[in-house]
Chemist: 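Before I ask anything, let me first share the structure, which is written out below as structure tokens.
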Amino acid sequence: MTNMAKAPPLISFLLFSAAVLLTFPAAISSIGVNYGTLGNLPPPTQVANFLKTQTSIDSVKIFNVDPNILRAFAGTGISVVVTVPNGDIPALANGMQARRWVSANILPFHPQTKIKYISVGNEILLTGDNNTISKLLPAMRTINSALVRAGVRDVKVTTAHSLNIIAYDLHGAPSRGRFRPVWEKNILAPILAFHRQTKSPFMVNPYPYFGFDPKNVNFAIFRSPYKAVRDPFTRKIYTNMYDALMDSTYSAMKALGYGDVNIVVGETGWPSACDAPWCSPANAAWFNLNIIRRAQGQGTPLMPKRRFETYIFGLFNEESKPGPTAERNWGLFRSDFSPVYDVGLLRGGGRGHPAPALPAPSTAGGKWCVAKSGATNAQLQANIDWVCSQGGVDCKPIQAGGSCFNPSSLRMHASFVMNAYFQKNGRSDGSCHFSGTGVVVRSNPSDGALTRLNKFVLCNICLERPNIMVLRGLSRIGEIISFVFSFGCFNMVHQGINM
């Protein structure tokens, strides 16, 4: 049996550094939070300063039009989403009342405070209040008209929807997602037409926490093992509930002819504590880390590489909230600004020093995904076909003439694309399942066949192209590794690594 020789210290350090950095998105941008205020929380001026100077959070969503909060964010560059209280909606269907509301709540603050959206109510359809529901779109129209009349054209009007608007089946096909018939044609289709006309987003609150199968909790929190959902119509496989919810929403919009309307995630998150074992800082961190990845452009199976403007719920643990334990434990931060867990949103070191609660990369060469020795050729080819059809993974290196085509082995090629998918999805063990045909390699394998496979796996790292999946988005460390490995995989033999 052949064992890999110990890598030189510099290369070992670079590989380990890359693995650590891959735990977090390479460069977090356009991530927002919901800023609730039910608790003994710091004053808005301190909150605004904290977000501006110590985090990469660039937008907040509030559940009112609190003038103290709006004044606090003036001049910070942080955009703000304000919310019309649900009870105010019927009156605002009147044009005069809408103009008065805009004059009192928007014009005194904007543009010094970057008000980006006005959410007319929150989850109105969920309330079941038919009077308010009937006035929702009229209020959206009158507020938009009031903004235009006042010369404000950079504030868009929307409303946040609970995903109870979708007739969602935990085991159904996301491509067949549809709005509930009671709301589809008479309410949601006209709202989507308004969004298209005004170029405003359709805002949804996809919470896997509310409605997951307790027997398949890992599917809700991006962990493994999980029971995946296969869409028989698109042949796409869903490894988590969030993607299924988002694609069900997109399919419902597309079925009405509004697939072009932008989607904004108004709320999503996972509590760090509740009255059940599936709530923990580790699970909350892992869930939100995966949400951040999707916000940065990872997309979903039906919307690959699509960026979703996203507002995580929430900024703080709100200790004064009534109800179950979970209601007080959705926050990224405590009231003293200390993090409940770390998902890389703190400036200066937070991204490079993962919290212990997150799965730690191995120090013995990282983590890679390879095909199991017992996988059949049909299974290996199916893995290649599936990964290469998903988007986001470059399969050109295993094609004829590609840099990782030789040796021309189906098992080698399958391991390459399986590992590329694994790295792209944050090296979560669940993303190496492949119906039981994948295995995660965490240290130098003793099996000779796996040692040969590691040549292919390491091609994902040492390929000279700076945008290879494992390096995508990295800046300084990516440039360093690209430089060290600029001679290609072959020359790693001469650097002391037995390929």
Chemist: Examine distances only and state if a side-chain atom of S338 and a backbone atom of D336 form a donor-acceptor pair shorter than 3.5 Å.
Modeler: no
Chemist: Is there a donor-acceptor pair under 3.5 Å between the side chain of N288 and the backbone N or O of G269?
Modeler: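 Not a single qualifying donor-acceptor pair exists.
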Chemist: Just by modelled atom types, is the R176 backbone N or O under 3.5 Å from a matching donor or acceptor in the S251 side chain?
Modeler: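 No; zero donor-acceptor contacts below 3.5 Å.
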Chemist: Output, in order, the C-alpha distance, side-chain angles, deciding distance and verdict of side-chain contact (heavy atoms from CB on, under 4.5 Å) for M241 and N216.
Modeler: CA-CA 10 Å; M241 187 174 172; N216 195 19; over 6 Å; no
Chemist: Should Q298 and N290 count as side-chain neighbours, where that means a heavy-atom distance under 4.5 Å?
Modeler: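 SC-SC contact between Q298 and N290 ruled out.
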Chemist: Side chains of L51 and F73, heavy atoms from C-beta outward: is any pair under 4.5 Å?
Modeler: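 Answer yes - side chains close enough.
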Chemist: Looking only at atom types and distance, does a side-chain atom of S119 sit under 3.5 Å from a main-chain N or O of G121, one as donor and one as acceptor?
Modeler: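 Pair found, side chain donor or acceptor close to backbone of G121.
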Chemist: Checking S175 against D231: is there a side-chain donor and acceptor pair closer than 3.5 Å?
Modeler: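 Their side chains do contain a donor-acceptor pair, which is all the 3.5 Å distance test asks for.
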Chemist: Do N383 and T437 get their side chains close enough for a donor-acceptor pair, meaning under 3.5 Å?
Modeler: yes
Chemist: As a quick check of understanding, evaluate side-chain contact (heavy atoms from CB on, under 4.5 Å) for I62 and T83, giving each step before the final call.
Modeler: CA-CA 6 Å; I62 61 176; T83 303; 5.6 Å; no
Chemist: Would you indicate whether D260, at its atom CG, is surrounded by more than 12 heavy atoms from other residues, nucleotides or ligands within a distance under 6.0 Å?
Modeler: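 Yes, the 6.0 Å shell around CG holds more than 12 heavy atoms from other groups.
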Chemist: Could you check whether any side-chain heavy atom of I263 comes within less than 4.5 Å of a side-chain heavy atom of M253, counting everything from C-beta outward?
Modeler: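 Contact flag for I263/M253 side chains = yes.
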Chemist: Before giving the answer on side chain to side chain donor-acceptor pair (under 3.5 Å), spell out for D247 and T300 the whole-Å C-alpha distance, their side-chain angles and the decisive distance to 0.1 Å.
Modeler: CA-CA 7 Å; D247 279 355; T300 67; 2.5 Å; yes
Chemist: Starting at CG of L192, measure out to CZ of F202 and round the result to the nearest 0.5 Å.
Modeler: 5.0 Å
Chemist: Of the options Y209, F212, F287, which is the one that meets W278 in a ring pair (Phe, Tyr, Trp, His ring centres under 6.0 Å)?
Modeler: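 Of all the options given, the one that passes is F212.
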Chemist: How about NZ on K135, more than 12 heavy atoms from neighbouring residues, nucleotides or ligands closer than 6.0 Å, or not?
Modeler: no
Chemist: Tell me which one of I133, L137, I124 satisfies side-chain contact (heavy atoms from CB on, under 4.5 Å) with I187.
Modeler: I133
Chemist: May I ask you to check whether over 12 heavy atoms, not counting those of N186, lie within 6.0 Å of atom CG?
Modeler: no
Chemist: Between atom CG of N122 and atom OG of S162, what is the distance when rounded to the nearest 0.5 Å?
Modeler: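 It is 9.0 Å, given to the nearest 0.5 Å.
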Chemist: Could you give me the CA-CA distance, side-chain angles and deciding distance for I106 and I115, then say whether side-chain contact (heavy atoms from CB on, under 4.5 Å) is met?
Modeler: CA-CA 8 Å; I106 304 298; I115 299 174; 4.0 Å; yes
Chemist: Find out whether N240 and R294 are in side-chain contact, i.e. whether some heavy atom of one side chain is under 4.5 Å from a heavy atom of the other.
Modeler: yes
Chemist: If you measure from NE2 on H195 to OH on Y258, what distance do you get to the nearest 0.5 Å?
Modeler: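 Nearest 0.5 Å value for the NE2-OH distance: 11.0 Å.
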Chemist: Can you tell if the side chain of N283 reaches within under 4.5 Å of the side chain of W270, non-hydrogen atoms only?
Modeler: yes
Chemist: Examine distances only and state if a side-chain atom of T142 and a backbone atom of L92 form a donor-acceptor pair shorter than 3.5 Å.
Modeler: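 Present.
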Chemist: Would you check if I292 and I312 make a side-chain contact, meaning some heavy-atom pair closer than 4.5 Å?
Modeler: yes
Chemist: Is it the case that over 12 heavy atoms from other parts of the model lie below 6.0 angstrom from the CZ atom of R334?
Modeler: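 It does: R334 CZ has more than 12 such atoms within range.
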Chemist: Decide yes or no for I384 and C395: does some side-chain heavy atom of the first lie under 4.5 Å from some side-chain heavy atom of the second?
Modeler: no
Chemist: State whether the side chain of S200 and the backbone N or O of T158 hold a donor-acceptor pair below 3.5 Å, judged by distance alone.
Modeler: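 Checking the backbone N and O of T158 against the side chain of S200, no donor-acceptor pair under 3.5 Å is found.
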Chemist: Do N144 and T198 have side-chain N/O donor and acceptor atoms under 3.5 Å apart?
Modeler: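 No donor-acceptor contact under 3.5 Å links the two side chains.
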Chemist: Can the ring centroids of Y421 and F434 be said to lie less than 6.0 angstrom from one another?
Modeler: yes
Chemist: Determine yes or no for a side-chain-to-main-chain donor-acceptor pair under 3.5 angstrom, with E123 supplying the side chain and L163 the backbone.
Modeler: no
Chemist: Could you give the distance from CG (D58) to CG (L345), rounded to the nearest 0.5 Å?
Modeler: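 Output value for this atom pair is 10.0 Å.
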Chemist: Are R178 and W183 in a cation-pi setup, meaning NZ or CZ lies under 6.0 angstrom from the ring centre and within 45 degrees of the ring axis?
Modeler: no
Chemist: Per the side chain to side chain donor-acceptor pair (under 3.5 Å) rule, what does the pair list look like for residues 313-332, sequence neighbours excluded?
Modeler: D275-T325
Chemist: Minimum heavy-atom separation for P42 and F316, please, with both atom names.
Modeler: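 P42 and F316 have their closest heavy atoms at CG-CZ, 4.1 Å.
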Chemist: If you compare all heavy atoms of K227 against all heavy atoms of F219, which two are closest, and at what distance to 0.1 Å?
Modeler: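 It is O-CD1, 3.6 Å.
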Chemist: On a heavy-atom basis, which atom in P281 and which in V340 lie closest, and how many Å separate them?
Modeler: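 The pair with the smallest heavy-atom distance is CB-O, 4.3 Å.
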Chemist: Quick one: pull up CH2 in W101 and CD in Q97 and give me the separation to the nearest 0.5 Å.
Modeler: 12.5 Å
Chemist: Do the side chain of T268 and the main chain of P206 share a donor and acceptor less than 3.5 angstrom apart?
Modeler: yes
Chemist: How far apart are the closest heavy atoms of K52 and I78, and which atoms are they?
Modeler: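 Here K52 and I78 meet closest at N-CD1, 3.8 Å.
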Chemist: Where do Y311 and S59 come nearest, in terms of heavy atoms and distance?
Modeler: CE2-OG, 3.5 Å
Chemist: If you take all heavy atoms of R347 and T55, which pair is closest and at what distance?
Modeler: NE-O, 2.8 Å
Chemist: Do R141 and Q197 have side chains that approach each other closer than 4.5 Å (heavy atoms only, starting at C-beta)?
Modeler: no
Chemist: What is the distance from atom CD of E184 to atom CG of L256, rounded to the nearest 0.5 Å?
Modeler: 4.5 Å
Chemist: side-chain contact (heavy atoms from CB on, under 4.5 Å) for H161 and T249? Distances and angles first, verdict last.
Modeler: CA-CA 11 Å; H161 298 280; T249 302; over 6 Å; no
